[in-house]
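All values below come from the heavy atoms of this structure, side chains included, with hydrogens, waters and symmetry mates left out. Positions are given from 1 along the sequence.
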Amino acid sequence: MNRKTWALAILLILPSIFLYVGNNFNRAVYAGDPDYIYLMNAINLARGKDAGHIDNPGTPVMEIGAGLLYVHYFLDQPNENTLQESVLKDPNKYLELIQKLLILLITLSLIFAGWFFFVKTGSIWVALIIQMTPFMSVNVLERSWTTVAPEPVLLFVTTIYAVLLASFYFDEKRPALRYLILFSVFGGLGLATKATFLPLLVIPLFLFSGWRPRLYYFMGTVAAFFFFTVPAHKLYGSMFRWFSGLVVHKGIYGKGEPGFIDFSEYLDNIFRIFMDNHLFSSVLVLAVVIIAVYLIKHRRSGLSLNSRVLLALIVANGLGVLIVAKHFHHNHYLLPELSLTGLLFFFSIETAGDVFRQIKWKTPLNIIFLIVVILIFVLKSVPLLQIKNDGYRYTNNQFEEVSEFIEKNYPGYTKIYHYPDGLNKISAIKFGNGYSKLSNQTALSELYPQAYFFNVMTGNFQLWETPIMPERIVEKHGNNIIIIGRQIDHHGMQIINGFGIWVKPVFKKLFQAVYVIDSISPALKKASSQFERRINCDMESLTENGDAIKAGDQVISGPTYRTREISRSGDFSIKMDKDTQYAFRFKLDSIHANQAVEIRIWRYPEYSAGTLVVSAENPELFYQATSLALETDSKGWQLLELTFEVPDVQPRISYLNIYFRNKEAETLYFDDLEVIIR
């Protein structure tokens with residue numbers, strides 16, 4: 001075999017290791033954050049809907065996922081299920097497909113990068129250093145192998161970005177327009193994937209001369225960013241408010257006190273970043289020393305191209321550290337910078353050769369550096385990766401254990417999922433659904449009609465997103481109820497006990513627990529079967545003068561909206577068309593604090609967005625709304641429900657307004673209102 005054939009065979013080794021280990025590395029099954037955020041939004045995009053998540057922004061991850069879902073569905077051609085139903089029934093299958101695709105893309109990028117550097121430098125050692133870059137950080141490998149998230153896409157984009165930067169360096173002609181377009185496209189793609197790519201955008205500013213090319217580069221990057229984030233275009237306002245919050249608040253995720261930097265933690269965070277990433281830190285320090293010596297020695301002659309590239313990489317890496325240190329709590333936020341460590345070392349050696357021309361040290365240093373990296377990886381990183389892999393396997397084994405335990409000991413019991421701390425399919429789907437504009441809620445309600453949750457964040461019970469009083473669950477399912485998820489802490493137990501429910505653990509491990517109802521308060525039993533007050537309105541009767549609809553001894557405004565076109569019961573319903581935004585104003589009076597209220601109304605047709613709203617006179621005191629259907633009857637009418645306690649606030653709430661909202665300007669109908677006050 002000739003030299004190139006041997007080189008290609010060698011350059012397939014590291015990518016093959018990445019591909020093989022990545023596809024066999026364990027990950028936490030049913031971990032809602034972040035995997036299900038991107039899966040549920042991928043469903044949205046595959047169905048022609050908008051994205052509902054903008055924090056990263058992360059839209060390229062959703063776009064890749066949507067493309068895979070669509071292609072797989074087209075090739076699979078299931079006879080019964082829609083694309084949406086197929087994914088929601090077996091989400092883990094599709095997450096694994098997306099994950100394997102991302103690992104494959106990274107593998108191909110490593111092969112491409114290795115071959116490119118070999119061809120341009122003639123050194124197999126340089127090519128291997130570039131390919132070895134992901135292996136220099138356990139965090140980079142773990143995030144790339146275990147998540148459907150921005151990080152795997154960032155590693156792919158940054159690897160190609162490194163090739164683009166090297167291409168500019170080796171290209172003697174360097175056509176300005178070509179590189180302006182390429183740097184803009186990949187800069188916008190990286191930024192759309194995650195804002196942590198931002199520091200790398202400064203690199204081309206060191207490569208182009210004059211204000212005009214830099215302005216074009218800036219404009220092109222902005223245009224590319226908007227192109228790759230088109231699925232989230234309706235949320236641009238929220239997106240930029242999110243990012244501005246990160247800048248003007250000291251805490252993580254744009255929270256905490258107003259201010260730019262918490263200096264009491266900032267320097268400590270910088271120190272932690274350098275201590276957590278030894279190879280990255282060592283190469284960065286080496287690069288700074290070399291560029292400093294170069295600048296001193298060539299202070300009159302100016303910068304060569306390789307020293308300009310090195311300086312650009314140093315500035316980008318330094319900015320990355322400074323930005324991440326502001327809200328530092330995970331190393332994966334530094335992934336774009338970590339993914340350029342091999343490239344940083346290459347340009348350090350290139351620049352050092354200009355400083356010490358008499359010393360032929362490029363090849364020996366490359367070999368030594370590669371050997372050191374491999375030794376560190378084998379001696380330090382491999383054991384850490386093994387621990388992490390075992391941890392994911394242990395987590396998944398617990399899920400299987402608890403599933404077998406429930407099937408054996410509590411078959412047929414109604415499950416209430418401890419949310420958001422549960423590692424199970426239903427909790428994970430709910431988590432992702434909340435970050436995808438609830439666009440899949442109708443399908444979820446049909447596929448999983450009895451998905452109850454104990455939401456420890458809101459302190460209430462829910463049927464999907466709709467609050468529901470626990471007595472309603474008890475009334476329907478009796479004591480055959482279990483709560484599953486992670487262990488419930490003291491605060492969570494206080495909330496459950498406050499509802500009159502006492503539970504005892506029957507299965508407890510680190511990531512999974514099962515609780516069964518031990519006893520129910522007499523008040524809860526009574527509330528589940530007796531009602532203080534019930535109001536029904538079937539839209540059939542009007543007052544004597546015809547100016548209001550009758551609901552027992554109550555009257556409801558809006559008789560002009562009555563229609564005979566369609567009804568669920570009787571002859572009449574309430575109709576709203578594209579010109580009707582609000583209708584059916586019912587003043588629910590004679591209420592007092594802490595009363596439990598249930599409001600139910602039937603809506604037609606299926607999949608419409610008509611909303612049931614209840615509000616105090618001052619909405620800031622109390623406001624709830626829902627457009628999510630709990631069930632669908634044989635005629636296609638869908639049940640909406642709001643369940644709540646009247647809050648104990650000042651000034652006191654003496655009445656509530658119940659009305660319908662037509663937020664999508666469509667034709668829809670409402671019938672059979674029921675209000676229960678306990």
>> Test your reading of the model: is there a side-chain donor-acceptor pair from K430 to the backbone of W464, 3.5 Å cut-off?
In response: yes
> At their closest point, which heavy atom of N480 faces which heavy atom of Y413, and how far apart are they?
Replying inline: C-CD2, 3.3 Å
>> Given 3.5 Å as the limit, does a donor-acceptor pair link the side chain of Y435 with the main chain of M40, or not?
In response: no
> Should the ring pair Y30 and Y36 be called parallel, tilted or perpendicular, given that the plane angle runs from 0 to 90° and is split at 30 and 60?
Replying inline: tilted
> Take atom CZ in F227; do more than 12 heavy atoms of anything else shown fall under 6.0 Å from it?
Replying inline: no
> Do Y417 and I484 have side-chain heavy atoms sitting under 4.5 Å apart?
Replying inline: yes
> S608 and R603: side-chain donor and acceptor closer than 3.5 Å?
Replying inline: yes
>> Can you confirm whether the side chains of S615 and Y659 place a donor and an acceptor under 3.5 Å from each other?
In response: no
> Out of curiosity, R47 CZ to L45 CG, how far, rounded to the nearest 0.5 Å?
Replying inline: 11.0 Å
> Just checking, any donor-acceptor pair under 3.5 angstrom between side chains of R241 and S244?
Replying inline: no
> Which distance, rounded to the nearest 0.5 Å, do you find between the CG of D538 and the OG of S573?
Replying inline: 11.0 Å
> Are the charged groups of E540 and K550 less than 4.0 angstrom apart, N to O?
Replying inline: no
>> Please report the interatomic distance CG(D577) to OH(Y669), rounded to the nearest 0.5 Å.
In response: 9.0 Å
> Which class fits the ring pair F454 and F461: parallel under 30°, tilted 30 to 60°, perpendicular over 60°?
Replying inline: tilted
>> For the backbone of K509 and the side chain of Q512, can you confirm whether one donor and one acceptor N or O come within less than 3.5 Å of each other?
In response: no
> Do other residues, nucleotides or ligands put more than 12 heavy atoms under 6.0 Å from the CZ atom of F431?
Replying inline: yes
> Aromatic rings F240 and F225: how do their planes relate, parallel, tilted or perpendicular, breaks at 30° and 60°?
Replying inline: tilted
>> Please give me the minimum heavy-atom distance between P470 and F499, naming the atom from each residue.
In response: CG-CD2, 3.5 Å
> Only one of M469, Q462, E471, R600 forms a side chain to side chain contact (heavy atoms under 4.5 Å, CB included) with T643, so which one is it?
Replying inline: M469
>> Taking atom CD as the centre, does E407 end up with more than 12 heavy-atom neighbours from other residues, nucleotides or ligands that are less than 6.0 angstrom away?
In response: no
> Is there side-chain contact between Y419 and M457, with heavy atoms separated by less than 4.5 Å?
Replying inline: yes
>> Classify the ring geometry of F644 against F622: parallel below 30°, tilted from 30° to 60°, perpendicular beyond 60°.
In response: tilted
> Would you say the side chain of L423 lies within less than 4.5 Å of the side chain of F399, judging by non-hydrogen atoms?
Replying inline: no
> Do F670 and Y561 have ring centroids that are under 6.0 Å from one another?
Replying inline: no
> Is the backbone N or O of Q638 less than 3.5 Å from a side-chain atom of R568, with the two atoms forming a donor-acceptor pair by type?
Replying inline: no
> Does a side-chain heavy-atom distance below 4.5 Å link D421 with Q487?
Replying inline: no
>> Would you say N536 and D672 are linked by a side-chain donor-acceptor pair, where the criterion is simply a distance under 3.5 Å?
In response: no
> Around K93, counting heavy atoms of other residues, nucleotides and ligands shown, do more than 12 lie under 6.0 Å from its NZ?
Replying inline: yes
> To the nearest 0.5 Å, what is the distance between CD1 (I473) and CD1 (I481)?
Replying inline: 6.0 Å
> Distance-only, no hydrogens or angles: does the T229 side chain make a donor-acceptor pair with backbone N or O of A232 under 3.5 Å?
Replying inline: no
>> For S445 and Q441, which I'm curious about, is there any donor-acceptor pair between the side chains at under 3.5 Å?
In response: yes
> Between D671 and S569, is there a donor-acceptor pair closer than 3.5 Å when you use the side chain of the first and the backbone of the second?
Replying inline: yes
> Side chains of F405 and V506: closer than 4.5 Å at any heavy-atom pair?
Replying inline: yes
> Is it the case that N81 and K89 place a side-chain donor and acceptor less than 3.5 Å from each other?
Replying inline: yes
> Hey, does the side chain of T611 reach the backbone of A609 with a donor-acceptor pair shorter than 3.5 angstrom?
Replying inline: yes
>> Looking at I501, is its backbone amide N or carbonyl O close enough to the side chain of N497 to form a donor-acceptor pair, meaning the two atoms are under 3.5 Å apart?
In response: yes
> Is any side-chain heavy atom of H53 less than 4.5 Å from a side-chain heavy atom of M62?
Replying inline: yes
